[in-house]
Amino acid sequence: MVREPRYRLVKPHLLCELMERTGTGAEISGRELARQVGIPHGTVDALLSGATKTQPTGVAHEIARVIGVDLLILWAPTGRSVPDDESVSDISRAAVPA
């Protein structure tokens, strides 16, 4: 099974700031952002707190669209230079001596 590519939120505080004044000049709440994107509001809360760092491509694109910014203002594609959540935990487990 091939996993959908993921994007890593570059700076959670930037998302918070951009929610205070979106591309339309209006403020958007976490619940409203989640509703417009079609995700649970807990996902937005987790992104803002840093508990969740990545999202699938479609979610990252939708969050950027709703906020009114280009994708790469908020997100970085995961891969060789930007690890996703799973890669980070795999690396830390591998670094622990047996």
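If you're wondering where the values come from, they're calculated on a predicted model, not measured in any experiment. These values consider heavy atoms only, across backbone and side chains, with no hydrogens, waters or symmetry-generated copies.
Residue pairs satisfying the salt bridge (charged side-chain N to carboxylate O under 4.0 Å, His left out) criterion with at least one member in residues 10-22, sequence neighbours excluded, are absent. Within the structure, the ring pair (Phe, Tyr, Trp, His ring centres under 6.0 Å) test picks out no pair touching residues 11-51 (sequence neighbours left out). The salt bridge (charged side-chain N to carboxylate O under 4.0 Å, His left out) analysis of residues 59-69, with sequence neighbours excluded, yields the pairs Glu62-Arg65.
Nearest heavy atom pair, residue Gly50 against residue Pro12, reads CA-CG, 4.4 Å. Taking all atoms of both residues into account, the shortest heavy-atom contact from Thr22 to Met19 is CG2-O, 4.1 Å.
Take Ser49 and apply the side chain to side chain contact (heavy atoms under 4.5 Å, CB included) test, not counting sequence neighbours, and it matches Ala51. For His61, the ring pair (Phe, Tyr, Trp, His ring centres under 6.0 Å) partners two or more places apart in sequence, or in a different chain, are Tyr7.
Contact check for Ile67 versus Ile73: no side-chain heavy atoms found under the 4.5 Å cut-off. Side-chain contact check for Thr54 versus Arg8: some heavy-atom pair is nearer than 4.5 Å.
Both Leu14 and Leu48 belong to a common hydrophobic cluster when Ile, Leu, Val, Met, Phe, Trp and Tyr are linked at side-chain heavy-atom distances under 4.5 angstrom.
Here the straight-line distance linking atom CG of Leu15 with atom CG of Leu47 works out to 7.0 Å at 0.5 Å rounding. Interatomic distance, Ile28 CD1 to Ile63 CD1, rounded to the nearest 0.5 Å: 10.0 Å.
In this structure, the side chain of Thr57 engages the main chain of Pro5 through a donor-acceptor pair within 3.5 Å. A donor-acceptor pair under 3.5 Å is formed between the side chain of Thr78 and the backbone N or O of Arg6.
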Please list every donor-acceptor pair under 3.5 Å in which a side-chain atom of residues 33-40 meets a protein atom from a residue at least two apart or in another chain.
| residue | atom | partner | partner atom | Å |
| --- | --- | --- | --- | --- |
| Arg35 | NE | Glu32 | OE1 | 3.0 |
| Arg35 | NE | Glu32 | OE2 | 3.3 |
| Arg35 | NH2 | Glu32 | OE2 | 2.6 |
| Gln36 | NE2 | Glu32 | OE2 | 2.8 |

